[in-house]
Amino acid sequence: MPAHRRLHGPAEDLDRQDPEIRAARSGPRAERSEGVTAVAGGFGPLLPEERADAATLVRQGFGIPREYFDRSVELFGPGVMRGLRAGPEAGRAGQLVACAAVWPMDQWFGGRPVPSCGVAAVAVDPAERGRGYGTALMRGLLEEARAGGAALSVLYPATLPLYTRLGFGRGGVSFDWSAPPASLCAGPPPQDGWIRRADASDASHLAALRRSLLATANGLVERNEGLWSFALCPDGAPSDVYTLGGPAGPEGYVAVAPPTDRKLSVADLCLLSPRAVRLAQSFLAGYRAQVDRVSWRGGPDDPLALMAPDAGPRADARDEWLLRILDLRRALETRGYPPGVAGELTLDVSDAVIPENSGTFRLRLSDGTAVVDRVPEKTGGGGKAAGAGLSLSIAALSALYSGHKGPQILRQVGLLRGGEDAMALAARFFSGPAPWMPDRF
Ligand SMILES: CC(C)(COP(=O)(O)OP(=O)(O)OC[C@H]1O[C@@H](n2cnc3c(N)ncnc32)[C@H](O)[C@@H]1OP(=O)(O)O)[C@@H](O)C(=O)NCCC(=O)NCCS
């Protein structure tokens, strides 16, 4: 098929180009998944008597010791774990073969919270891998989360094909930054600023500060108790928290673990003003006699990296997290949009796993609010993108929705199709800060 045909052909052509959609729609994978889905009546909350088996799966999947598993389950609550049991075909009917953690949380886009579902610790019995259990478990999780009101699901992948095939797209990033402490220092701390040790056992004042960050960034999650604990006590030991402020009150905080092996690890960071950035710079530079490097997590537009007077900071790692739009209408209507942007965009979406998301939708935007209607087949053109319309898979829509990838690059690589008017409109609708999150789970 010539290239121009591929760019302008019907929606099914796009699916054929998109390996995850293609694979999810047909072929041996679908047959295999269906086979397992037939026995996936075994999906559901982890039973108390299965906890030791789940701990073994997670230990084999991630090398996580039992104490850490138990601590995480306590922090996130007993309802956090899900399990999948084998069916009669495996000769071990009813036994736990896979597990995962799942919890509800808000994830912020465009200045508004969107109900999302965090997924972690997806682990399949090493003796049963490659038989479709991971896929069946994930399908169970997605179905349950959508039914429970989640518009999105987010996870960090250890392997991509499993998740892309299920409609996850690239959602945003998480960077590991580091620098020699002296290279962060831009001079003496501001005269009108202060740094005070804070109570690390109560995160509510930190959550209040972090809220303004949620509203101005994209992709950050509102932390529950478990995520706060992971953020402030990354290795189980509490870090020390210092609030940074000025005459009007606190403007940020920095949480640091005790320095070890000539390294200082910043557990959590929230810098809401230029003064807070300068205070953090001088605070961290104060460790220059004790450590060779300071490390912290951030996004691509990290304030400490941006404001370092020297070329010291470097990105040591860049992890991408994946986003799955579970409920297209809810996801689009709940997020915020840039002020002053208005217009109407038609989205022709293919979703091989959640059929409710497939079809043609009209997205109308005004005053920062979106209204989404399904366009009936006969008037929508049945996949023929007309006027200001885009055709794309649900995975590509996730990348566009979060602002991680713009319409131009998605079209350039063949994940989206659309005319210039629709491209320009989509670029305006989904513009904003690059999505990131420091939390890893
Ligand atoms: C990754 C994992 C959950 C996949 O579960 P599974 O039951 O083996 O997966 P499925 O049989 O449903 O296969 C789905 C896809 O997962 C991937 N996969 C399968 N076995 C895998 C393995 N042993 N390691 C990594 N990926 C694997 C493949 O891409 C596969 O598709 P393909 O066979 O068409 O290439 C499982 O291998 C596991 O527990 N790994 C260790 C822990 C881990 O990495 N978890 C993921 C954290 S995000």
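Numbering of ligands and ligand atoms starts at 1, following listing order. All values below were derived from every heavy atom in this structure, side-chain atoms included, with hydrogens, water molecules and symmetry-related copies excluded. For clarity, every value in this text was computed on a predicted model and none was experimentally measured.
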>> Between ligand 1 and Pro161, is the shortest N or O to N or O distance under 3.5 Å?
In response: no
>> Check Lys263 with Asp292, please: is the shortest side-chain N to carboxylate O separation under 4.0 Å?
In response: no
> Which heavy-atom pair separates Phe441 from Val154 by the least distance, and what is that distance?
Replying inline: CE1-O, 3.8 Å
>> Assess whether a salt bridge exists between Glu74 and Arg71, defined as any Lys/Arg side-chain N lying under 4.0 Å from an Asp/Glu carboxylate O.
In response: no
>> Check this for me - ligand 1, Arg165, N or O atoms closer than 3.5 angstrom, yes or no?
In response: yes
> Is ligand 1 under 4.0 Å from a heavy atom in the side chain of Arg131, in the backbone, in both, or in neither?
Replying inline: backbone
> Heavy-atom distance under 4.5 Å between the side chains of Val124 and Leu57, does that happen here?
Replying inline: no
> Parallel, tilted or perpendicular for Trp177 and Phe175, by the 30°/60° rule?
Replying inline: parallel
> If hydrogens are left out, which of Tyr163, Phe441, Tyr133 has an atom nearest to atom 48 (S) of ligand 1, that is, the closest non-hydrogen atom?
Replying inline: Tyr163
>> Is there a polar contact between ligand 1 and Gly134, counting only N or O atoms under 3.5 Å apart?
In response: yes
>> Is it the case that ligand 1 has an N or O less than 3.5 angstrom from some N or O of Gly132?
In response: yes
>> Could you work out, for atom 12 (O) of ligand 1, the closest of Thr135, Leu57, Leu84 by heavy-atom distance?
In response: Thr135
